[in-house]
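In what follows, every chain begins at residue 1, and chains take the letters A, B, ... in the order their sequences are listed.
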Amino acid sequence: MKTIIFPVLCLALTFFAGCGKSGAPSVKIGLNTELTGEMPAVGASSQNAAKLFVDQLNAAGGVKVADKTIPIDLIVGDNGAKADQAAAVAQRLITQDEVLAMIGPDASVCAIPAADIAEAARCAMISPWSTNPKTTLDPNSGKPKEYVFRACFIDTFQAGVLAKFVLNNLKAKTAAVLYDSSSEAPNGQATLFKETFEKNGGQIVGFETYTTGDKDFSAQLTKIKATNPDVIFLPAYYNDVPLIAQQARSLGITAQFVGSDAWSSPELIKLGGTAIEGSFFCNHYSTEIATPVAQKFMADYKAKYGQDPDDVAALTYDAFGLLVQAITDAGKLDRQAIRDALAKIPKYDGITGTMQFQPGSGDPIKSAVILQIKDGKFVWVANAQP
Amino acid sequence: MLDDVLYLAQQTINALQQGSIYALIALGYTMVYGVLTMINFAHGDLFMLGAFACMLLAGVLTPIMAGFPPVLIFIVILLLVMLIIGVLGASIERIAYRPLRAAPRVSAIITALGCGLLIESLTLVIFPYSKSMPLLFTNTTFELVKIANPQDPDNPLTLTLTALQIIIICVALALMIALDFLIRKTRYGMAMRAISFDARTVPLMGIPVDRVISMTFLIGAGLGGAAGMLYGLAYPVIAPSMGILVGWKAFIAAVVGGIGSIRGAVLGGFILGAVEVLAVVVFDSSYRDLISYSLLLVILIFKPYGLLGQAPNQKV
């Protein structure tokens, strides 16, 4: 009896899995994001912003395609902040769920493998938050990928902004770097920061690494302490930064901390406390210098979720904005047409500023901001233009 | 010269802190292996639960015990965490491992991995975000040495030790000494050693094997829970995934020390802590894992049963 139950159950499951595909016409859009794993706050922000966008658009009928308005069907996949799972989710969304385009993943460690899948399947993908240059580049030829776009600036630009800020505004001469060498975005940011900082006359006195999941950084920090840097650059996600900062302070390190856009999450302040007070980091937008479009988004987001949107939320909202604009421009529900329309979008006024894709590349031209953590809040300090 | 001495002293303190936590967790692996010759892969997740239990208990007990000295609150929470995690560990053995005791070892190991994943996923459902561990006492930093630096007057040479580091190292050592006493001097310890020596003959002597095994899980998991609490206090951002990496490392420590040997697990834990810090001191930190694990591999090549492990008895 047992031998029969199992195959029958399998068959039944496959049958039910096939259901639900029919129904009213809709535009299927996939969201591939980090709901579990090392950075669940990133995935939650991304999902919140996506749902907000889709609900608002569907309340008005949906996306305009030629002479019809069609509602959006959002399909969310959790990549667990892991590279292999991100690729699997991308594959599932594109081939099994047959989405028209995919938004995400957010972290570069996930976005790079997912981008390879999207490129191979000829399906447009927009990563809201992945700043690593490799996301939009073909690994073999080094040329830009055709189907992969992003809504944020890239690390080459960010590293330059930060290096110049540290040298010119903080008047620092020496810096040390501590980063996770097994995660793509921090790895790229650390190397690019080192290059630009040294090129502009600064001196890197310590360049130390750790591995994802490490909680003890005391050996590396003791090593950094011996070199007495003016500034410690920490391109790390919101989970690691508080631990590094607390351990550094209890070892008697007084250097100023500077971080990348990976810092930007309200969770950082909850977990970091006084150890991160006064630190500076580079970000995609600031709630203080918001345009009217951004203010409306912030108000809507806060009304729905009871908290201020972080940059992942804003960038996800912008990624959806870009995609919907491209679908309307294309005038038909076709992957290739949407990709072509996306590349040609003239100038898009988003929450995080105006953006336009560089010719022949999925990287937009846009500006960055420098924020400081003051009294448990992110405070705007400076703007940086490309 | 002096700055080098201070630097190495600081790194030694770092190594001791890490080593004592690895050693506490490694004890749980080695005790279970001693009595059942199986690896309890759910142990890393019990360690994680220790940190979460401490966080929840601190939330409940700190207001109730507001008038008491922080040290007392710390001890009460530590004992409760050890009890809760210990009972949980023993229940896992009763529910998941005992029915499989006659089954092949592989089945038991896979069950253990499954239990670990179950605990981790359930915790993830309840706590999707990393949590901040509350401070149970003010973590004072003591400057043991402070000398003016002749080359750089703004940056004096210091050697720091935090209250937390002292507590972690002392509590870990106290627990290890208590365990060693328990194993060597008590009737229960004798029964446990007898089971690990010959599991087939022992029941014939009237020793309640099931009860001794339950007790072993209780103590092993309790120590893991204590380690989780100390770890959570030292690195106060706790997440359901925190047990994976530390659990694996402690398992390696137990193997290097000689799995099945209590003193070996302690030795292995401290060696692993020292080797990890030493690799950063001498080489580039990017090579930390490569160098430290190569070194451990070399130890195992020369001592395949670990430093204090014994080759299994060959019965003819």
Less than 4.5 Å to any heavy atom of chain A: does that hold for the side chain of [X], its backbone, both, or neither?
| X | result |
| --- | --- |
| D4(B) | neither |
| K249(B) | side chain |
| T158(B) | both |
| Y231(B) | side chain |
| F283(B) | backbone |

Measure across [X] and [Y] and return the closest heavy-atom pair with its distance rounded to 0.1 Å.
| X | Y | answer |
| --- | --- | --- |
| A219(A) | Q11(B) | O-NE2, 2.9 Å |
| Y7(B) | A226(A) | CD1-CB, 4.3 Å |
| V237(B) | P242(A) | CG2-CB, 4.1 Å |

Report which part of [X] has an atom under 4.5 Å of a heavy atom belonging to chain B: side chain, backbone, both, or neither.
| X | value |
| --- | --- |
| E267(A) | side chain |
| T254(A) | neither |
| D240(A) | neither |
| F217(A) | neither |

Please round to the nearest 0.5 Å and tell me the distance separating atom [atom1] of [X] and atom [atom2] of [Y].
| X | Y | atom1 | atom2 | answer |
| --- | --- | --- | --- | --- |
| N14(B) | L251(A) | CG | CG | 6.0 Å |
| Q18(B) | S218(A) | CD | OG | 5.5 Å |
| R249(A) | T162(B) | CZ | OG1 | 15.5 Å |
| Y237(A) | S130(B) | OH | OG | 14.0 Å |
| Y238(A) | Y129(B) | OH | OH | 7.0 Å |
| T222(A) | L6(B) | OG1 | CG | 11.5 Å |

Side-chain heavy atoms of [X] within contact of [Y], under 4.5 Å:
| X | Y | answer |
| --- | --- | --- |
| K215(A) | L245(B) | no |
| S250(A) | T160(B) | no |
| P128(B) | T36(A) | no |
| K270(A) | S132(B) | no |
| E276(B) | D216(A) | no |

Using a 4.5 angstrom heavy-atom cutoff, name the option from N239(A), T212(A), L35(A), L178(A) with the most pairs to chain B.
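Result: the option with the highest number of such pairs is N239(A).
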
Enclosure of K304(A) NZ (heavy-atom neighbours >12, cutoff 6.0 Å)
yes

Should we count CZ of F142(B) as having more than 12 external heavy atoms under 6.0 Å?
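Yes - once you tally the heavy atoms of other residues, nucleotides and ligands closer than 6.0 Å, there are more than 12.
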
Taking it one step at a time, do D284(B) and K223(A) satisfy salt bridge (charged side-chain N to carboxylate O under 4.0 Å, His left out)?
CA-CA 10 Å; D284(B) 193 318; K223(A) 212 169 165 184; 6.0 Å; no

Return yes if some donor-acceptor pair links the side-chain N/O of T209(A) with the main-chain N/O of S286(B) below 3.5 Å, else return no.
yes

